[in-house]
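A short write-up of the structure that comes next.
A note on names: the letters A, B, ... follow the listed sequences, proteins ahead of strands, and every chain is numbered from 1. Bear in mind the structure is a predicted one, so any value in this text is a computation, not a measurement.
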Amino acid sequence: MTYQLETVSVLVVEDNKPMLDIAKSLLLTFGVGHVITATNGEMGFEKFCEYNPDLVIADWMMRPMDGISFTRLVRNDPRSPNQYVPIILMTGFSERRRVLQARDAGVTEFLVKPFNARDLYKRLAQVIERPRQFVRSDDFFGPDRRRRRSAEAGDYTGPLRREADLGNADIRQRFIDQRQEAHDTLRTIREKAGLSAGDKFPLSVEDIDFQ
Amino acid sequence: MSDIPHYNQAPRRRAEFIRPPNTLKAKAGSGGLSEEILIKAQALLENNAVDFQPLAELYMTAMQRAIDTARDGLKNGNDEQLISGILYPAMQLKANGGMFHYSLITRFADRMIQFLEVIETLDHDVLDIIDAFHSTMRAIVMGKITGDGGRYGDELIEALNEACMRYFEKSTGAPKPIDYTYLNRNEDVPAEE
(Lines give C-alpha, C1' and ligand atoms only; values in the text may rest on other atoms or scores of the structure.)
Protein backbone atom coordinates (compact mmCIF):
# COMPACT_ATOMS: atom_id res chain seq x y z
CA MET A 1 0.00 0.00 0.00
CA THR A 2 1.38 3.41 -0.92
CA TYR A 3 0.12 6.98 -0.84
CA GLN A 4 -2.77 7.65 -3.18
CA LEU A 5 -2.23 11.27 -4.17
CA GLU A 6 -4.49 11.53 -7.22
CA THR A 7 -7.16 13.47 -5.30
CA VAL A 8 -4.61 15.74 -3.64
CA SER A 9 -4.13 19.28 -4.98
CA VAL A 10 -0.92 21.25 -4.47
CA LEU A 11 -0.28 24.91 -5.18
CA VAL A 12 3.33 25.72 -6.13
CA VAL A 13 4.34 29.39 -5.97
CA GLU A 14 7.74 30.07 -7.53
CA ASP A 15 8.99 32.96 -9.68
CA ASN A 16 11.70 31.01 -11.45
CA LYS A 17 9.98 29.28 -14.38
CA PRO A 18 12.40 26.32 -14.83
CA MET A 19 12.26 25.69 -11.07
CA LEU A 20 8.48 25.89 -11.11
CA ASP A 21 8.37 23.33 -13.94
CA ILE A 22 10.73 21.00 -12.08
CA ALA A 23 8.70 21.16 -8.86
CA LYS A 24 5.51 20.51 -10.79
CA SER A 25 7.04 17.54 -12.64
CA LEU A 26 8.30 16.02 -9.38
CA LEU A 27 4.87 16.29 -7.77
CA LEU A 28 3.19 14.77 -10.81
CA THR A 29 5.72 11.92 -10.70
CA PHE A 30 4.80 11.41 -7.04
CA GLY A 31 1.24 10.93 -8.28
CA VAL A 32 -0.26 14.26 -7.16
CA GLY A 33 -3.50 14.67 -9.10
CA HIS A 34 -3.69 18.44 -9.44
CA VAL A 35 -0.77 20.86 -9.41
CA ILE A 36 -1.66 24.54 -9.57
CA THR A 37 1.09 27.05 -10.28
CA ALA A 38 1.69 30.74 -9.67
CA THR A 39 4.74 32.94 -10.23
CA ASN A 40 4.56 35.28 -7.24
CA GLY A 41 2.88 35.64 -3.87
CA GLU A 42 0.12 37.90 -5.09
CA MET A 43 -0.93 35.56 -7.87
CA GLY A 44 -0.40 32.65 -5.50
CA PHE A 45 -2.92 34.01 -3.03
CA GLU A 46 -5.47 34.52 -5.81
CA LYS A 47 -5.02 30.92 -6.92
CA PHE A 48 -5.15 29.76 -3.31
CA CYS A 49 -8.52 31.48 -2.81
CA GLU A 50 -9.79 30.09 -6.09
CA TYR A 51 -8.71 26.44 -5.74
CA ASN A 52 -8.30 25.94 -1.98
CA PRO A 53 -5.48 23.37 -2.40
CA ASP A 54 -4.57 20.71 0.19
CA LEU A 55 -0.94 21.82 0.36
CA VAL A 56 1.11 24.86 -0.62
CA ILE A 57 4.77 24.88 -1.63
CA ALA A 58 6.12 28.42 -1.95
CA ASP A 59 9.46 30.00 -2.68
CA TRP A 60 10.72 32.61 -0.24
CA MET A 61 12.38 35.17 -2.50
CA MET A 62 9.89 36.35 -5.06
CA ARG A 63 8.93 39.74 -6.39
CA PRO A 64 6.68 41.65 -5.97
CA MET A 65 5.29 39.58 -3.08
CA ASP A 66 7.58 37.08 -1.35
CA GLY A 67 6.76 33.76 0.30
CA ILE A 68 6.68 35.20 3.82
CA SER A 69 4.07 37.85 2.96
CA PHE A 70 2.13 35.20 1.06
CA THR A 71 2.17 32.93 4.13
CA ARG A 72 0.90 35.75 6.33
CA LEU A 73 -1.98 36.32 3.91
CA VAL A 74 -2.93 32.64 3.92
CA ARG A 75 -2.85 32.50 7.72
CA ASN A 76 -4.51 35.82 8.53
CA ASP A 77 -6.48 37.26 5.62
CA PRO A 78 -10.27 36.93 5.98
CA ARG A 79 -10.48 35.82 2.32
CA SER A 80 -8.29 32.78 3.02
CA PRO A 81 -10.37 29.62 2.46
CA ASN A 82 -8.13 27.50 4.72
CA GLN A 83 -5.92 29.15 7.35
CA TYR A 84 -4.63 25.75 8.41
CA VAL A 85 -3.23 24.60 5.09
CA PRO A 86 0.31 23.19 5.39
CA ILE A 87 2.86 25.52 3.80
CA ILE A 88 6.29 24.26 2.80
CA LEU A 89 8.69 27.12 2.19
CA MET A 90 11.43 26.54 -0.38
CA THR A 91 14.49 28.66 0.20
CA GLY A 92 18.22 28.89 -0.13
CA PHE A 93 18.40 30.55 3.29
CA SER A 94 19.75 28.41 6.08
CA GLU A 95 20.65 31.05 8.66
CA ARG A 96 18.91 30.66 11.99
CA ARG A 97 17.34 34.12 12.05
CA ARG A 98 15.77 33.46 8.65
CA VAL A 99 14.33 30.16 9.84
CA LEU A 100 12.85 31.92 12.88
CA GLN A 101 11.44 34.65 10.67
CA ALA A 102 9.68 32.10 8.46
CA ARG A 103 8.45 30.09 11.42
CA ASP A 104 7.01 33.21 13.03
CA ALA A 105 5.15 34.01 9.79
CA GLY A 106 3.35 30.66 9.98
CA VAL A 107 5.39 28.37 7.73
CA THR A 108 4.89 24.65 8.46
CA GLU A 109 8.06 23.13 7.01
CA PHE A 110 11.28 24.19 5.32
CA LEU A 111 12.75 22.81 2.13
CA VAL A 112 16.27 24.06 1.54
CA LYS A 113 17.23 24.56 -2.09
CA PRO A 114 18.82 22.98 -3.97
CA PHE A 115 16.96 19.81 -3.05
CA ASN A 116 16.56 16.32 -4.44
CA ALA A 117 13.45 14.20 -4.97
CA ARG A 118 13.80 12.50 -1.60
CA ASP A 119 14.06 15.84 0.23
CA LEU A 120 10.77 16.96 -1.30
CA TYR A 121 9.17 13.63 -0.47
CA LYS A 122 10.34 13.86 3.17
CA ARG A 123 8.67 17.24 3.61
CA LEU A 124 5.52 15.97 1.93
CA ALA A 125 5.44 12.92 4.20
CA GLN A 126 6.10 15.14 7.20
CA VAL A 127 3.00 17.29 6.65
CA ILE A 128 0.89 14.20 5.91
CA GLU A 129 2.03 12.08 8.84
CA ARG A 130 2.90 14.67 11.47
CA PRO A 131 0.62 17.66 11.08
CA ARG A 132 1.25 20.50 13.50
CA GLN A 133 -1.38 21.70 15.89
CA PHE A 134 -2.15 25.39 15.51
CA VAL A 135 -1.76 28.14 18.05
CA ARG A 136 -3.78 31.32 18.28
CA SER A 137 -2.56 34.00 20.66
CA ASP A 138 -2.65 37.77 20.77
CA ASP A 139 0.34 38.15 18.49
CA PHE A 140 0.54 34.88 16.57
CA PHE A 141 -1.54 32.50 14.54
CA GLY A 142 0.06 29.53 12.86
CA PRO A 143 1.51 26.06 13.34
CA ASP A 144 2.83 25.37 16.83
CA ARG A 145 6.40 26.63 16.81
CA ARG A 146 7.62 24.14 19.37
CA ARG A 147 9.32 21.05 18.01
CA ARG A 148 8.34 17.71 19.47
CA ARG A 149 12.01 16.76 19.65
CA SER A 150 12.67 19.69 22.00
CA ALA A 151 9.99 18.50 24.36
CA GLU A 152 11.51 15.04 24.44
CA ALA A 153 14.91 16.50 25.24
CA GLY A 154 13.52 18.41 28.22
CA ASP A 155 13.03 22.12 28.72
CA TYR A 156 14.84 24.33 26.27
CA THR A 157 17.57 26.27 28.05
CA GLY A 158 18.78 28.53 25.25
CA PRO A 159 18.00 32.22 25.37
CA LEU A 160 16.29 32.69 22.02
CA ARG A 161 12.77 31.32 21.60
CA ARG A 162 11.17 33.91 19.30
CA GLU A 163 12.49 36.35 16.72
CA ALA A 164 10.96 39.16 18.81
CA ASP A 165 13.14 38.09 21.76
CA LEU A 166 16.08 39.90 20.18
CA GLY A 167 14.33 43.16 21.12
CA ASN A 168 14.87 42.32 24.80
CA ALA A 169 18.30 43.58 25.91
CA ASP A 170 18.83 40.82 28.52
CA ILE A 171 17.89 38.01 26.14
CA ARG A 172 19.97 39.54 23.39
CA GLN A 173 22.99 39.68 25.70
CA ARG A 174 22.50 36.03 26.73
CA PHE A 175 22.27 35.13 23.05
CA ILE A 176 25.52 36.98 22.32
CA ASP A 177 27.21 35.32 25.33
CA GLN A 178 26.07 31.89 24.22
CA ARG A 179 27.33 32.52 20.71
CA GLN A 180 30.68 33.66 22.07
CA GLU A 181 30.88 30.54 24.21
CA ALA A 182 30.16 28.41 21.15
CA HIS A 183 32.85 30.27 19.26
CA ASP A 184 35.37 29.67 22.04
CA THR A 185 34.51 25.97 22.03
CA LEU A 186 34.97 25.87 18.29
CA ARG A 187 38.35 27.57 18.57
CA THR A 188 39.43 25.07 21.23
CA ILE A 189 38.42 22.21 18.95
CA ARG A 190 40.33 23.77 16.05
CA GLU A 191 43.43 24.23 18.16
CA LYS A 192 43.32 20.65 19.43
CA ALA A 193 42.88 19.37 15.90
CA GLY A 194 45.64 21.61 14.53
CA LEU A 195 43.27 23.35 12.11
CA SER A 196 43.17 26.98 11.09
CA ALA A 197 40.12 29.22 10.85
CA GLY A 198 37.75 28.16 8.08
CA ASP A 199 39.02 24.56 7.84
CA LYS A 200 36.36 21.90 7.79
CA PHE A 201 36.74 19.24 10.43
CA PRO A 202 35.05 15.88 10.02
CA LEU A 203 34.46 15.29 13.73
CA SER A 204 31.43 13.99 15.53
CA VAL A 205 30.47 15.02 19.06
CA GLU A 206 31.81 11.72 20.41
CA ASP A 207 35.27 12.56 19.04
CA ILE A 208 35.59 15.72 21.06
CA ASP A 209 37.11 15.93 24.50
CA PHE A 210 35.54 19.00 26.07
CA GLN A 211 37.60 18.78 29.28
CA MET B 1 -19.20 36.75 52.66
CA SER B 2 -16.95 39.51 51.56
CA ASP B 3 -18.11 42.47 49.52
CA ILE B 4 -15.30 41.90 47.06
CA PRO B 5 -16.84 41.00 43.67
CA HIS B 6 -16.42 37.51 42.26
CA TYR B 7 -13.82 37.06 39.53
CA ASN B 8 -16.61 36.17 37.16
CA GLN B 9 -15.01 36.42 33.76
CA ALA B 10 -13.74 34.30 30.92
CA PRO B 11 -10.60 32.28 31.68
CA ARG B 12 -7.46 34.05 30.58
CA ARG B 13 -5.57 31.51 28.54
CA ARG B 14 -2.24 32.52 27.09
CA ALA B 15 -2.96 30.75 23.82
CA GLU B 16 -5.59 28.64 22.17
CA PHE B 17 -4.47 25.32 20.69
CA ILE B 18 -6.30 24.01 17.66
CA ARG B 19 -5.95 20.62 16.02
CA PRO B 20 -7.36 21.03 12.51
CA PRO B 21 -8.66 17.96 10.63
CA ASN B 22 -5.92 16.23 8.65
CA THR B 23 -7.59 16.27 5.24
CA LEU B 24 -4.30 15.61 3.51
CA LYS B 25 -3.84 12.35 5.39
CA ALA B 26 -7.45 11.36 4.73
CA LYS B 27 -6.86 11.77 0.99
CA ALA B 28 -3.33 10.37 0.77
CA GLY B 29 -3.81 7.30 2.95
CA SER B 30 -0.69 5.63 4.27
CA GLY B 31 2.37 3.73 3.17
CA GLY B 32 4.53 6.51 1.74
CA LEU B 33 5.89 6.43 -1.80
CA SER B 34 7.61 3.45 -3.36
CA GLU B 35 11.36 3.45 -3.95
CA GLU B 36 10.63 3.04 -7.65
CA ILE B 37 8.75 6.35 -7.78
CA LEU B 38 11.50 8.14 -5.86
CA ILE B 39 14.16 6.82 -8.23
CA LYS B 40 12.07 7.90 -11.20
CA ALA B 41 11.60 11.38 -9.72
CA GLN B 42 15.31 11.72 -8.98
CA ALA B 43 16.16 10.67 -12.53
CA LEU B 44 13.79 13.32 -13.82
CA LEU B 45 15.60 15.89 -11.74
CA GLU B 46 19.07 14.78 -12.81
CA ASN B 47 18.21 14.52 -16.49
CA ASN B 48 16.47 17.85 -16.85
CA ALA B 49 17.78 19.64 -19.92
CA VAL B 50 17.20 23.20 -18.73
CA ASP B 51 19.97 25.51 -19.91
CA PHE B 52 20.71 27.48 -16.75
CA GLN B 53 23.38 29.67 -18.31
CA PRO B 54 21.14 32.41 -19.83
CA LEU B 55 19.21 32.68 -16.59
CA ALA B 56 22.42 32.75 -14.55
CA GLU B 57 23.76 35.54 -16.76
CA LEU B 58 20.67 37.60 -15.97
CA TYR B 59 21.25 37.10 -12.25
CA MET B 60 24.95 37.95 -12.62
CA THR B 61 24.03 41.18 -14.42
CA ALA B 62 21.48 42.03 -11.72
CA MET B 63 24.12 41.36 -9.08
CA GLN B 64 26.64 43.61 -10.84
CA ARG B 65 24.05 46.40 -10.93
CA ALA B 66 23.33 45.92 -7.23
CA ILE B 67 27.07 46.03 -6.41
CA ASP B 68 27.47 49.24 -8.44
CA THR B 69 24.47 50.77 -6.67
CA ALA B 70 25.96 49.76 -3.32
CA ARG B 71 29.30 51.41 -4.18
CA ASP B 72 27.52 54.61 -5.17
CA GLY B 73 25.43 54.58 -2.00
CA LEU B 74 28.19 53.67 0.46
CA LYS B 75 28.13 56.94 2.33
CA ASN B 76 24.46 57.76 2.50
CA GLY B 77 22.63 54.63 1.39
CA ASN B 78 20.55 52.27 3.49
CA ASP B 79 22.90 49.32 4.06
CA GLU B 80 20.10 46.81 4.61
CA GLN B 81 18.43 47.77 1.36
CA LEU B 82 21.72 47.75 -0.57
CA ILE B 83 22.63 44.33 0.81
CA SER B 84 19.23 42.90 -0.06
CA GLY B 85 19.73 44.10 -3.65
CA ILE B 86 22.81 41.88 -3.86
CA LEU B 87 21.23 39.09 -1.84
CA TYR B 88 18.32 38.48 -4.21
CA PRO B 89 20.36 37.40 -7.28
CA ALA B 90 22.81 35.56 -5.00
CA MET B 91 19.94 33.57 -3.54
CA GLN B 92 18.57 32.76 -6.99
CA LEU B 93 22.00 31.50 -8.04
CA LYS B 94 22.41 29.41 -4.92
CA ALA B 95 18.93 27.91 -5.05
CA ASN B 96 18.78 27.20 -8.75
CA GLY B 97 22.39 26.47 -9.69
CA GLY B 98 22.41 23.09 -8.00
CA MET B 99 19.01 22.20 -9.42
CA PHE B 100 20.31 22.67 -12.96
CA HIS B 101 23.76 21.04 -12.80
CA TYR B 102 25.73 24.11 -11.69
CA SER B 103 26.54 22.92 -8.20
CA LEU B 104 29.77 24.96 -8.05
CA ILE B 105 27.68 28.10 -8.48
CA THR B 106 25.53 26.97 -5.56
CA ARG B 107 28.64 26.50 -3.39
CA PHE B 108 29.97 29.98 -4.19
CA ALA B 109 26.60 31.67 -3.83
CA ASP B 110 26.07 29.87 -0.52
CA ARG B 111 29.34 31.23 0.90
CA MET B 112 28.51 34.66 -0.46
CA ILE B 113 25.08 34.64 1.20
CA GLN B 114 26.57 33.52 4.50
CA PHE B 115 28.93 36.47 4.23
CA LEU B 116 26.15 38.92 3.32
CA GLU B 117 24.01 37.66 6.18
CA VAL B 118 26.57 38.39 8.89
CA ILE B 119 28.22 41.64 7.83
CA GLU B 120 26.97 44.59 9.82
CA THR B 121 27.82 47.46 7.49
CA LEU B 122 28.86 47.89 3.89
CA ASP B 123 32.29 49.29 3.17
CA HIS B 124 34.90 49.04 0.41
CA ASP B 125 36.47 45.91 1.94
CA VAL B 126 33.12 44.15 1.94
CA LEU B 127 32.37 45.20 -1.62
CA ASP B 128 35.79 44.03 -2.77
CA ILE B 129 35.05 40.57 -1.39
CA ILE B 130 31.60 40.60 -2.99
CA ASP B 131 33.22 41.66 -6.26
CA ALA B 132 35.60 38.70 -6.02
CA PHE B 133 32.65 36.33 -5.54
CA HIS B 134 30.85 37.92 -8.45
CA SER B 135 33.85 37.70 -10.81
CA THR B 136 34.48 34.06 -9.92
CA MET B 137 30.85 33.06 -10.39
CA ARG B 138 30.68 34.98 -13.64
CA ALA B 139 33.71 33.07 -14.92
CA ILE B 140 32.01 29.79 -14.00
CA VAL B 141 28.80 30.76 -15.76
CA MET B 142 30.55 32.07 -18.89
CA GLY B 143 32.77 28.99 -18.96
CA LYS B 144 29.71 26.75 -18.54
CA ILE B 145 31.49 24.90 -15.76
CA THR B 146 28.93 22.40 -14.53
CA GLY B 147 29.41 20.02 -11.61
CA ASP B 148 31.29 20.80 -8.42
CA GLY B 149 34.50 22.00 -10.08
CA GLY B 150 36.63 19.28 -8.46
CA ARG B 151 39.91 20.23 -6.80
CA TYR B 152 40.04 23.55 -8.66
CA GLY B 153 36.59 24.41 -7.32
CA ASP B 154 37.71 23.55 -3.78
CA GLU B 155 40.76 25.79 -4.09
CA LEU B 156 38.72 28.73 -5.35
CA ILE B 157 36.20 28.32 -2.55
CA GLU B 158 39.00 28.11 -0.02
CA ALA B 159 40.63 31.29 -1.34
CA LEU B 160 37.41 33.28 -1.07
CA ASN B 161 36.62 31.74 2.28
CA GLU B 162 39.98 32.89 3.59
CA ALA B 163 39.24 36.42 2.34
CA CYS B 164 35.98 36.39 4.30
CA MET B 165 37.67 35.05 7.42
CA ARG B 166 40.37 37.72 7.21
CA TYR B 167 37.62 40.33 6.98
CA PHE B 168 35.83 38.92 10.05
CA GLU B 169 39.01 38.73 12.05
CA LYS B 170 39.85 42.30 11.12
CA SER B 171 36.37 43.70 11.80
CA THR B 172 35.03 41.67 14.71
CA GLY B 173 37.92 39.64 15.99
CA ALA B 174 36.21 36.32 15.45
CA PRO B 175 34.17 34.35 12.96
CA LYS B 176 30.73 33.26 14.13
CA PRO B 177 29.96 29.57 14.46
CA ILE B 178 26.91 28.26 12.64
CA ASP B 179 24.55 25.65 14.05
CA TYR B 180 22.54 23.89 11.38
CA THR B 181 20.66 21.50 13.66
CA TYR B 182 17.61 23.75 13.93
CA LEU B 183 16.82 23.49 10.22
CA ASN B 184 14.70 20.46 9.48
CA ARG B 185 13.10 17.75 11.49
CA ASN B 186 14.83 14.48 10.83
CA GLU B 187 12.12 12.17 11.98
CA ASP B 188 11.55 9.00 10.02
CA VAL B 189 9.33 9.15 6.99
CA PRO B 190 6.91 6.29 6.41
CA ALA B 191 8.24 3.35 4.51
CA GLU B 192 6.19 1.47 2.00
CA GLU B 193 3.97 -1.07 3.68
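For A/Phe140, no part sits under 4.5 Å from any heavy atom of chain B, backbone or side chain. When heavy atoms are compared at a cutoff of 4.5 Å, B/Gln92 approaches chain A solely by way of its side chain, counted from C-beta outward. Using a 4.5 Å cut-off between heavy atoms, A/Asp15 touches chain B through its side chain atoms alone.
Among B/Leu55, B/Thr106, B/Asn96, the residue making the largest number of heavy-atom pairs under 4.5 Å with chain A is B/Asn96. Comparing A/Leu27, A/Val8, A/Leu120, A/Asp54 by heavy-atom pairs within less than 4.5 Å of chain B, the highest count is held by A/Asp54. Of all the listed residues (B/Thr23, B/Ile39, B/Leu24, B/Val50), the one sharing the greatest number of non-hydrogen pairs under 4.5 Å with chain A is B/Leu24. No other option in B/Ile113, B/Leu44, B/Asn48, B/Leu38 has as many heavy-atom pairs under 4.5 Å with chain A as B/Leu38. Per-residue heavy-atom pair counts under 4.5 Å with chain B were compared for A/Arg118, A/Met90, A/Arg63, and the maximum is reached by A/Arg63. Of the listed residues A/Asn116, A/Asn16, A/Ile22, A/Leu26, the one with more heavy-atom pairs under 4.5 angstrom with chain B than any other is A/Asn16. Between chain A and the residues B/Gly29, B/Gly97, B/Ala28, the largest count of heavy-atom pairs under 4.5 Å involves B/Ala28. The choice from A/Gln133, A/Glu6, A/Gln83 that makes the most heavy-atom pairs within less than 4.5 Å of chain B is A/Gln133.
Ion pairing of A/Asp21 with A/Lys17 is present here, as a side-chain N (NZ or NE/NH1/NH2) and a carboxylate O approach within less than 4.0 Å. A salt bridge links B/Asp128 with B/Arg71: at least one charged nitrogen is closer than 4.0 Å to a carboxylate oxygen.
Without hydrogens or angle criteria, A/Tyr121 side chain to B/Leu33 main chain gives a donor-acceptor distance under 3.5 Å. Between the side chain of A/Arg132 and the main chain of A/Asp144, a donor-acceptor pair closer than 3.5 Å is present.
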Evaluate the criterion salt bridge (charged side-chain N to carboxylate O under 4.0 Å, His left out) for residue pair B/Arg107 and B/Asp154; output intermediate values, then yes/no. CA-CA 10 Å; B/Arg107 290 175 67 195; B/Asp154 290 342; 2.8 Å; yes
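With sequence neighbours excluded, no residue forms a salt bridge (Lys or Arg N to Asp or Glu O under 4.0 Å) with A/Arg75. Applying the side chain to side chain contact (heavy atoms under 4.5 Å, CB included) criterion to B/Gln53, with sequence neighbours excluded, gives B/Asp51, B/Glu57, B/Tyr102, B/Val141, B/Lys144.
Residue pairs satisfying the salt bridge (Lys or Arg N to Asp or Glu O under 4.0 Å) criterion with at least one member in residues 78-95 of chain B, sequence neighbours excluded, are listed as follows: B/Lys94-B/Asp110.
Looking only at atom types and distance, the side chain of A/Asp66 has a donor-acceptor partner in the side chain of A/Ser69 under 3.5 Å away.
By a heavy-atom distance cut of under 4.5 Å, A/Thr29, A/Phe30 are the residues of residues 29-38 of chain A near chain B, going up by number.
Note: B/Phe100 and B/Phe52 have parallel aromatic rings, judged against thresholds of 30 and 60 degrees for the angle between ring planes.
Put simply, the residue from B/Leu87, B/Ile86, B/Asp68 that forms a side chain to side chain contact (heavy atoms under 4.5 Å, CB included) with B/Met63 is B/Ile86.
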